[in-house]
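Note sheet for the following structure.
If you read the sequence from its start, that first residue is 1, and numbering goes on from there. As the structure is a prediction and not an experimental result, all values here were calculated from the model.
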Amino acid sequence: MTKNRQWLIAGRPNGRALQESDFEWVTRDAAPLKDGEVRVRVMYLSCDPAQKGWMENIGGYTAPTNVGDVMRASGVGEVVESKSAAFKAGDKVLGQLGWQDLAVVAARDLEPVANDDLLSANLGAIGTTGLTALFGLSKLGKPFAGDTMVITGAAGATGSVVGQIGKISGCHVVGIAGGADKCQWLVDELGFDSAIDYKAGDIRSQLKKHAPHGIDVVWDNVGGKLLNDMLGEIALHARVVVCGGISRYETGQMPAGPQNYFNLIFKRATMHGLLLTEYTNEFEWGRKRLREWVRSGQLKFKEDVQEGLENAPRTLMRLFSGANFGKQLIKI
């Protein structure tokens with residue numbers, strides 16, 4: 001019988017940082033296939049801040065998790081066995097594969113992907129990360145040429161794509177990231193107009209320097225004080241897109257409400273929350289557009305690949321310390 005290594009949810013990290021003891025490492029017999037199911041050998045897994053929220057059952061937009069469940073994660077892999085006419089052995093697929101070597105998934109829940117040099121990018125720049133950036137910006141941020149855009153978590157997987165789409169749209173793009181190396185990468189490699197190192201402090205004065213006429217488009221991946229500082233510097237009719245809250249994910253507690261929220265009234269601005277699932281019916285053209293930008297060199301991306309399923313908990317925790325540089329992936 002084929003063996004399957006898995007990480008199970010063993011704890012609820014509510015109100016605290018993730019710990020390795022929140023996961024249990026097991027080896028089990030691979031599950032048999034039923035009609036309509038596919039067995040997938042997992043190749044790459046995505047690490048996303050929202051995974052901590054899934055463990056806590058915070059949010060309400062996904063099905064709840066249970067202690068003892070295989071840890072959820074999006075992944076790409078290769079079909080090794082199929083009881084569905086939709087897939088055959090050797091096909092490459094994308095889906096919710098989880099932290100394990102072999103995933104058994106209903107064929108209807110898998111998407112075929114090209115077996116090319118962008119295979120792992122289906123979890124990042126041309127996958128949900130890129131789609132989040134594309135639809136969040138085009139539908140909610142609504143950038144115009146000449147707008148000033150400021151992005152928190154700008155060196156992360158989503159933020160770095162948002163900034164580049166902003167440049168394609170003709171915006172003046174400012175990224176906020178942690179550390180001189182990340183800031184330099186944003187400017188030198190991705191073409192951001194400038195970058196602010198939040199670790200250097202005094203964010204408000206830096207915002208005034210880099211966005212002297214106010215911020216037209218705010219893209220926030222962090223929340224907390226950074227969001228508050230940006231709300232204090234928005235321009236007339238600004239659009240604020242709230243994509244994530246890494247400052248909240250780490251503690252699992254709600255941050256204090258932004259004191260500068262009343263500036264939304266003074267500036268007649270809008271503030272929207274973003275969930276990618278709202279745009280599912282547009283994914284096909286979105287992926288095509290992202291792939292075209294990557295192939296043309298207009299969209300660049302960086303992957304932080306850590307190897308080994310056994311290292312999955314430590315790899316996920318890298319997101320919350322800021323240790324990752326680019327899209328965090330696990331290579332199995």
Side-chain angles (χ1 to χ4, degrees), residues 1-10 23-48 50-55 57 59 61-116 118-124 126-132 275-277 279-281 283-284 286-287 305 307-313 315-316 327-332:
M1 177 67 73
T2 302
K3 297 297 182 180
N4 187 23
R5 301 179 303 163
Q6 299 175 318
W7 280 105
L8 311 182
I9 297 173
F23 308 94
E24 180 185 3
W25 177 251
V26 300
T27 300
R28 295 170 168 171
D29 291 338
L33 282 189
K34 300 176 183 176
D35 288 342
E37 291 183 334
V38 175
R39 191 184 313 281
V40 180
R41 178 176 63 83
V42 183
M43 299 173 68
Y44 291 95
L45 290 167
S46 175
C47 288
D48 302 286
Q51 287 174 271
K52 183 174 186 287
W54 299 343
M55 295 173 68
N57 285 338
Y61 64 93
T62 59
T65 61
N66 297 300
V67 171
D69 287 351
V70 175
M71 180 61 192
R72 286 183 189 167
S74 298
V76 292
E78 179 179 353
V79 174
V80 294
E81 185 181 358
S82 176
K83 285 193 174 183
S84 166
F87 297 101
K88 65 182 184 304
D91 288 346
K92 299 300 189 296
V93 293
L94 166 70
Q96 286 291 322
L97 304 184
W99 284 9
Q100 54 190 335
D101 289 315
L102 297 166
V104 173
V105 186
R108 64 178 178 274
D109 295 328
L110 293 171
E111 298 177 50
V113 294
N115 183 20
D116 59 15
L118 294 179
L119 184 62
S120 61
N122 287 288
L123 296 172
I126 62 173
T128 55
T129 297
L131 293 170
T132 298
L275 278 181
L276 181 59
T277 51
Y279 308 106
T280 304
N281 62 341
F283 280 8
E284 184 176 354
R287 289 194 180 99
V305 182
E307 297 202 11
L309 180 62
E310 64 275 11
N311 296 316
T315 302
L316 179 59
K327 175 63 183 179
Q328 187 68 77
L329 298 173
I330 305 167
K331 183 178 181 181
I332 308 303

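- Interatomic distance, D101 CG to L309 CG, rounded to the nearest 0.5 Å: 5.5 Å.
- With sequence neighbours left out, R287 forms a salt bridge (charged side-chain N to carboxylate O under 4.0 Å, His left out) with E111.
- Distance alone, capped at 3.5 Å, is enough to place a donor-acceptor pair between the N4 side chain and the L102 backbone.
- Between W7 and F23, the angle of the ring planes goes over 60°, which puts this pair in the perpendicular group of the 30/60° scheme.
- Remark: V70 engages Q6, L8, Q100 in a side chain to side chain contact (heavy atoms under 4.5 Å, CB included) (not counting sequence neighbours).
- Rounded to the nearest 0.5 angstrom, D69 CG and I9 CD1 are separated by 5.5 Å.
- The side chain to side chain contact (heavy atoms under 4.5 Å, CB included) test applied to D116 returns A114, L118, R291, R295, not counting sequence neighbours.
- Put simply, the side chain of L94 reaches to within 4.5 Å of the side chain of V76, judged on heavy atoms.
- A distance of 13.5 Å separates NZ of K331 from OG1 of T315, quoted to the nearest 0.5 Å.
- For residues 25-35, every residue pair satisfying the salt bridge (Lys or Arg N to Asp or Glu O under 4.0 Å) rule, not counting sequence neighbours, is listed here: K3-D29.
- Closest approach of L316 to M71, counting heavy atoms only: CD2-CE, 4.3 Å.
- Remark: E81 pairs with L33, R39 by the side chain to side chain contact (heavy atoms under 4.5 Å, CB included) rule, at least two apart or across chains.
- Nearest heavy-atom pair, A107 versus V38, reported as atom, atom and distance to 0.1 Å: CB-CG2, 4.0 Å.
- Under the side-chain hydrogen bond (donor to acceptor under 3.5 Å, both in side chains) criterion, S82 pairs with no residue, sequence neighbours left out.
- Scanning both residues, G77 and L97, for their nearest heavy atoms gives N-CD1, 4.0 Å.
- Scanning for side chain to side chain contact (heavy atoms under 4.5 Å, CB included) contacts around D91 gives V79, F87, K88, with sequence neighbours left out.
- By the 4.5 Å heavy-atom criterion applied to side chains, W99 and P313 are counted as neighbours.
- Minimum interatomic distance between Q96 and V105 (heavy atoms only, all atoms of both residues): O-CG2, 4.1 Å.
- Partners of E37 by salt bridge (charged side-chain N to carboxylate O under 4.0 Å, His left out), not counting sequence neighbours: none found.
- At least one side-chain heavy atom of T62 sits under 4.5 Å from a side-chain heavy atom of R72.
- Rounding to the nearest 0.5 Å places CD1 of I330 at 3.5 Å from SG of C47.
- Judged as a salt bridge (charged side-chain N to carboxylate O under 4.0 Å, His left out), and not counting sequence neighbours, the contacts of R41 are E78.
- For the pair F283/L131, a side-chain contact is recorded, criterion being any heavy-atom separation below 4.5 Å from C-beta on.
- Considering only heavy atoms from C-beta on, S74 stays 4.5 Å or farther from T128 through its side chain.
- In plain terms, the two heavy atoms of L329 and S120 that are nearest each other are CD1-CB, 4.0 Å.
- For S46, the side-chain hydrogen bond (donor to acceptor under 3.5 Å, both in side chains) criterion is met by D48, K327, not counting sequence neighbours.
- Exactly one residue among L123, I126, V93, N122 makes a side chain to side chain contact (heavy atoms under 4.5 Å, CB included) with V113. That residue is N122.
- Judged as a side-chain hydrogen bond (donor to acceptor under 3.5 Å, both in side chains), and not counting sequence neighbours, S84 has no contacts.
- E310 pairs by the salt bridge (charged side-chain N to carboxylate O under 4.0 Å, His left out) definition with R5, not counting sequence neighbours.
- Separation of atoms NZ (K92) and OH (Y44) is listed at 11.0 Å; rounding is to 0.5 Å.
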